[in-house]
Chemist: 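Submitted below is the structure of interest, expressed as structure tokens.
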Amino acid sequence: NAGVTQTPKFRILKIGQSMTLQCTQDMNHNYMYWYRQDPGMGLKLIYYSVGAGITDKGEVPNGYNVSRSTTEDFPLRLELAAPSQTSVYFCASSNRDRGGYTFGSGTRLTVV
Amino acid sequence: AQSVTQLDSHVSVSEGTPVLLRCNYSSSYSPSLFWYVQHPNKGLQLLLKYTSAATLVKGINGFEAEFKKSETSFHLTKPSAHMSDAAEYFCVVSELDSGTYKYIFGTGTRLKVLA
């Protein structure tokens, strides 16, 4: 009964480094999302996907890339890490548009 | 575009007293509305949702919310606060954008429960 699994839970990156945040769900959900959470700002949508092979930009996509080769996996890629990308990142999935989301436990990323 | 306003960034209540977390939204059509709770260093958990059925929605852990279209509000309440309710709460509206629904999050209300 895993739900949405995110790895790693914590990571410190140096400026200019790259990394991939992993997200896997085992509920056969078509919709998947990446959010970042900054203090006092709520959650902002980075990218989303409505099914395997289909991705689209959200509100704050700059500096990130995604892919969706399978229904289960939705990795988020940071190519050139910047201090502004210090945040907590949440992956979520849903089985339909208006339904509730299932969130992962988050990845806390610090860029120094 | 739709938006969500959580009227209080911090709320403090004593254990055993009622909880009221306020949320107002703007929407051009019948919205779906949600409340999520986030405990420290945890992910978000769905408390309850409104999707155009009954206007009084009951959720987990004794929480409920009432959809009031005339007031464009969706306030979260609980009759008696418990220490374990201390967390951050997010009000969310679902928006149709480019053919798919996306969440718009409020900025959150941090609930503190005093012994």
Side-chain angles (χ1 to χ4, degrees), chain A residues 2-10 21 23-25 27 29-51 54-61 68 87-110, chain B residues 1-10 21 23 25 27 29-53 57-60 63 65 67 87-110:
Chain A
V4 177
T5 302
Q6 289 184 240
T7 58
K9 291 190 182 302
F10 305 92
L21 283 65
C23 176
T24 299
Q25 53 93 6
M27 298 170 286
H29 286 172
N30 283 328
Y31 301 92
M32 295 188 75
Y33 311 83
W34 274 105
Y35 287 87
R36 59 177 287 171
Q37 182 181 29
D38 300 307
M41 300 294 289
L43 276 73
K44 301 292 186 183
L45 181 64
I46 304 171
Y47 270 95
Y48 68 98
S49 169
V50 300
I54 306 169
T55 63
D56 209 344
K57 296 178 180 179
E59 187 178 358
V60 290
R68 185 96 182 270
S87 189
V88 182
Y89 291 84
F90 287 100
C91 179
S93 72
S94 173
N95 63 353
R96 61 184 186 276
D97 281 334
R98 292 169 73 93
Y101 291 6
T102 300
F103 283 86
S105 57
T107 295
R108 187 174 296 274
L109 176 66
T110 302
Chain B
Q2 299 189 17
S3 65
V4 176
T5 302
Q6 291 185 242
L7 297 162
D8 307 292
S9 59
H10 294 82
L21 305 182
C23 174
Y25 69 92
S27 172
Y29 67 103
S30 181
S32 292
L33 293 158
F34 307 81
W35 276 99
Y36 282 83
V37 60
Q38 185 182 28
H39 288 93
N41 299 313
K42 301 288 187 183
L44 282 77
Q45 180 185 17
L46 180 65
L47 272 180
L48 50 81
K49 62 181 178 182
Y50 167 78
T51 54
S52 74
V57 182
K58 293 189 183 299
I60 61 172
F63 284 95
F67 173 70
E88 187 145 22
Y89 293 79
F90 292 95
C91 182
V92 180
V93 63
S94 181
E95 175 189 62
L96 182 63
D97 181 11
S98 302
T100 193
Y101 287 93
K102 299 190 193 74
Y103 275 7
I104 305 297
F105 282 80
T107 52
T109 298
R110 186 167 298 277

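The structure presented is a predicted model; accordingly, all values stated were derived computationally and were not measured. As a basis for the values below, the full set of heavy atoms in this structure was taken, side chains included, without hydrogen atoms, waters or symmetry mates. Letters A, B, ... mirror the listed sequences (proteins, then strands); counts begin at 1.
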Chemist: Under the salt bridge (charged side-chain N to carboxylate O under 4.0 Å, His left out) rule, collect the residues that match up with B:K42, sequence neighbours excluded.
Modeler: none
Chemist: Please flag which part of A:L45 lies under 4.5 Å from any non-hydrogen atom of chain B: side chain, backbone, both or neither.
Modeler: side chain
Chemist: Taking only residues two or more places apart in sequence, or in another chain, which ones meet B:R110 in a salt bridge (charged side-chain N to carboxylate O under 4.0 Å, His left out)?
Modeler: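 Only B:E88 meet the salt bridge (charged side-chain N to carboxylate O under 4.0 Å, His left out) criterion with B:R110.
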Chemist: Between B:F34 and A:Y101, is the ring centroid distance below 6.0 Å?
Modeler: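 No; A:Y101 has its ring centre 6.0 Å or more from that of B:F34.
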Chemist: Check each atom of B:L46 against the heavy atoms of chain A and say whether the ones under 4.5 Å are side chain, backbone, both or neither.
Modeler: side chain
Chemist: To the nearest 0.5 Å, how far apart are CZ in B:F90 and CD in A:Q37?
Modeler: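 Between atom CZ of B:F90 and atom CD of A:Q37 there are 4.5 Å.
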Chemist: Centroid separation under 6.0 Å, is that true for the rings of A:Y35 and B:Y103?
Modeler: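 No, the ring of B:Y103 stays outside the 6.0 Å limit from the ring of A:Y35, centre to centre.
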Chemist: What part of B:Q38 is in contact with chain A, defined as an atom under 4.5 angstrom from a non-hydrogen atom: side chain, backbone, both or neither?
Modeler: side chain
